[in-house]
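The sequence lines fix the lettering, A, B, ..., with proteins before strands; numbering per chain opens at 1.
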Amino acid sequence: MIDLRQLREDPDRFRRGARLKGSDCDIDRLLELDTQKRSYQQDAERLRAEQKSLAKSSGPRMGQLSGQIKSASDADRPALEAELADLRAAPARLKDQIQELEARINEVEPELSAILLTVPQPPDDDVPEGSSADDNVEISRWAPDGWDWDAGFKGSKGFDPQTHLELCERLGLVDFPRGVKMAGSRSYVLTGLGMRLHQAILRYAFDFMVQHNGFTPMSVPVIVREEAMTATGFFPGGRDQAYLVSETARGAGQDLFLTGTGEVGLMGLHQDEILDTARLPLRYVTVSPCFRREAGAAGKDTAGLYRIHQFDKVEQVVICAPDEAESRAWHKKMIGYVEDLLRSLELPYRLLQCCTGDLGAKNADMVDIESWMPGRGELDAGGRPTGDFGETHSASRLYDYQCRRLNMRCREGGETGKGATAFCHSLNNTVAASPRILIPLLEMYQNADGTVTIPEPLRPHMGGIDRIG
RNA sequence: GGAGAGGUGGCAGAGCGGUUGAAUGCGCCGGAUUCGAAAUCCGGUUGGGCCUUCGGGUCCACGGGGGUUCGAAUCCCCCCCUCUCCGCCA
């Protein structure tokens, strides 16, 4: 959520930000509602102040009178009742006026907050302008020794690659038909060594963040209330992407939603808390199931393990002090961790600076990491894919946008400290999302004889075996 | 799933219709005392919105939301959460 005060002071900045992100939120309407609301509020407050001072001066007397009236003789009663009625008249009038103003505020409020939630964080100035992922800009790329980008897979390795689909089927790593039988399209069952490899990469990535990079391991809920989805910035925008557990339909008080990323649980941890600045930054890592409806993606990436409804992901988040330089530095570090991981697995990748149009509402900046997937991309003359990059990671920098929604603040001394509070900054990045990461893993590690070598670092997590097939 | 109890400031804990944003205790921060400290005494000690001539003014919040009332922490309704007992269960 953006800061309404900042919006008042510099609406053009937010208008421009919304335009760059392709958002059609109505900022003028928001400003208009805000002005109205504040005006009503000021009037109401003035009247309420008056009401309170009246209540203080005549309240006790009113209480006394109504007590006396009960026990008064018939002769005294009319005089007492008259005095009471007199005392009541002024505050009663005020009450009506206040209620009138409150009714107006209540009319304005829902629309105001609805729009406010949709105003995107303006992209940073150094984020390139663009309307879609096509305008993203490559920053750098890396590949292990022996890989030639121009020659591609065949040129580098000397044989035609099979796609991960072919490998999975031939080596018995995934059972798609049975997944679909149980759960419909975009569902799958990892089988045998496929499941083992999946577990191995998750475990490797998780340990990597905990043991080498000092992140605190956490388990988090993946079935949460709507409030958690809104507070972390996924709702209202991403409502269509989340599965709904409709508990109210069976009489319960609340519906729940399945989270699409561990970020929801990790960021929700400290909602409504005042963190001690001395304890920042907080660095958390989790591994969790992720659920995505993939609404609007019908027909896209329908085959294989690329776009699926359920997967597991190791996710990292950092909550740091509200300092732009620090927040930018963490962004670089968090990307660096993933580069280290991919390099240790010898997977070719590139960093992609996302353009304004591809950022999403929450982000001031986003860098995607794409791994090379030989089984994707255009087909050659022989009908074989020529390979392409596929997104495997996404590193976001959010400033205080998310923490403002979460009401997550910091100050010296934390909850019991003194002085002004400030909203923290937050960042998040994938560490490894599987089974999608299995695509480059299987495709890049396949051998001419149809077997797949297990990457060295994963072998300890697979009982020491070094190849599949 | 059934039956009860309860949610008040950093914590503990009063208040159960009227100058109560909230007694008291603990904790914490100043000051006094002291060579210094403990003890003692005095003072202070929530978060947020709006307005501001930047001195300050004002409103909201006692789990959340609605209602009754001239006035609600106190009464009513809905929801959330916690605890105890029983049942079920990974």
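Applying the 3.5 Å distance criterion, the base of B:G49 shares a donor-acceptor pair with the side chain of A:Glu45.
Taking the six-membered ring for Trp, A:Tyr284 and A:His270 have ring centres closer than 6.0 Å. For A:Tyr399 and A:Phe423, the ring centers sit 6.0 Å or farther from each other.
Following rounding to the nearest Å, A:Leu101 (CG) and B:C50 (P) show an atom-to-atom distance of 18 Å. To the nearest angstrom, C1' of B:G49 lies 18 Å from CD of A:Gln36. For the pair A:Leu33 CG and B:C50 C1', the computed distance is 17 Å after rounding to whole Å. Computed from coordinates, the A:Leu47 CG to B:C59 P distance equals 11 Å when rounded to whole Å. If you measure from atom CZ of A:Arg48 to atom C1' of B:A72, you get 13 Å, rounded to the nearest angstrom. Nucleotide B:U19 holds its C1' atom 17 Å from the CD atom of A:Glu50, rounded to whole Å. If you take CG of A:Asp255 and P of B:C79, they are 14 Å apart, rounded to a whole angstrom. Distance, A:Lys37 NZ to B:C50 C1': 9 Å, rounded to whole Å.
For A:Thr191 (side chain) and A:Leu173 (main-chain N/O), a donor-acceptor pair under 3.5 Å exists by modelled atom type. No donor-acceptor pair closer than 3.5 Å links the side chain of A:Gln51 to the backbone N or O of A:Leu94.
B:G63 and B:U8 are spaced 10 Å apart, taking the C1' atom of each and rounding to whole Å. Between B:U53 and B:U68, the distance separating the two C1' atoms is 43 Å to the nearest Å. B:U45 and B:G21: their P atoms are spaced 15 Å apart (whole Å). For the P atom pair drawn from B:A5 and B:G10, the interatomic distance equals 29 Å after rounding to whole Å. The same atom, C1', is picked in B:A23 and in B:U74; the two are 15 Å apart, to the nearest Å. Distance check on atom P: B:C83 versus B:C77 gives 25 Å, rounded to whole Å. Taking atom P in both B:C41 and B:U24, the straight-line distance is 14 Å, to the nearest Å. Taking atom P on both nucleotides, B:G56 is separated from B:C76 by 42 Å, rounded to a whole Å.
Aromatic ring pairs are classed by plane angle as parallel below 30°, tilted from 30° to 60° and perpendicular above 60°; the pair A:Phe208 and A:Tyr204 is tilted.
With respect to the salt-bridge test (charged N to carboxylate O, under 4.0 angstrom), the residues A:Asp301 and A:Arg186 do not qualify. At a threshold of 4.0 Å, the pair A:Arg411-A:Asp276 does not count as salt-bridged, since none of the basic side-chain nitrogens sits closer than that to a carboxylate oxygen. Using a 4.0 Å cut-off between a side-chain N of Lys or Arg and a carboxylate O of Asp or Glu, A:Arg29 and A:Glu111 qualify as a salt bridge.
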Considering only distance and modelled atom types, tabulate donor-acceptor pairs under 3.5 Å from the side chains of residues 461-469 of chain A, sequence neighbours left out.
residue	atom	partner	partner atom	Å
A:Arg467	NH1	A:Thr451	OG1	2.8

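Glycosidic torsion of B:G55 falls within 90° of 0, placing the base in syn.
Two residues are said to be in side-chain contact when any heavy atoms from C-beta on lie closer than 4.5 Å; A:Asp312 and A:Ser434 fail this criterion. Between A:Val119 and A:Leu30, the closest side-chain pair of non-hydrogen atoms falls below 4.5 Å. Counting only heavy atoms from C-beta outward, the side chains of A:Leu345 and A:Leu458 approach each other to under 4.5 Å.
Taking both residues in full, the closest heavy atoms of A:Phe257 and A:Ala242 are given as CD2-CB, 4.3 Å, listed atom of the first, atom of the second, then distance. Residues A:Arg405 and A:Thr230 come closest through the heavy atom pair NH1-O, 2.9 Å.
Side-chain N/O atoms of A:Lys52 include none lying less than 4.0 angstrom from OP1 or OP2 on B:G21.
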* Dot-bracket encoding of pairs in RNA chain B, which uses [ ] for pseudoknotted crossings and | for another strand, Watson-Crick or G-U under 3.5 angstrom -> ((((((((.[[[..)..(.....]]]((((((.......))))))((((((....)))))).[[[[[..)....]]]]])))))))....
Which atom pairs link the protein and nucleotides 80-82 of chain B when you take only N or O atoms and keep those under 3.5 Å?
residue	atom	partner	partner atom	Å
B:C80	OP1	A:Gly253	N	3.3
B:C80	O3'	A:Arg225	NH2	2.6
B:C80	O2'	A:Arg225	NH1	3.3
B:C80	O2'	A:Arg225	NH2	3.2
B:C81	OP1	A:Arg225	NH2	3.0

For nucleotides 63-71 of chain B, list the nitrogen or oxygen atoms of the protein found under 3.5 Å from its nitrogen or oxygen atoms, one pair per line.
none

N/O to N/O distances under 3.5 Å, protein versus nucleotides 44-48 of chain B:
residue	atom	partner	partner atom	Å
B:G47	OP1	A:Arg411	NH2	2.3
B:G47	O3'	A:Arg409	NH1	2.8
B:G48	OP1	A:Arg409	NH1	3.0
B:G48	OP1	A:Thr421	OG1	2.5

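When the side chain to side chain contact (heavy atoms under 4.5 Å, CB included) test is applied to A:Glu456, the partners found at least two apart in sequence or on another chain are A:Arg459.
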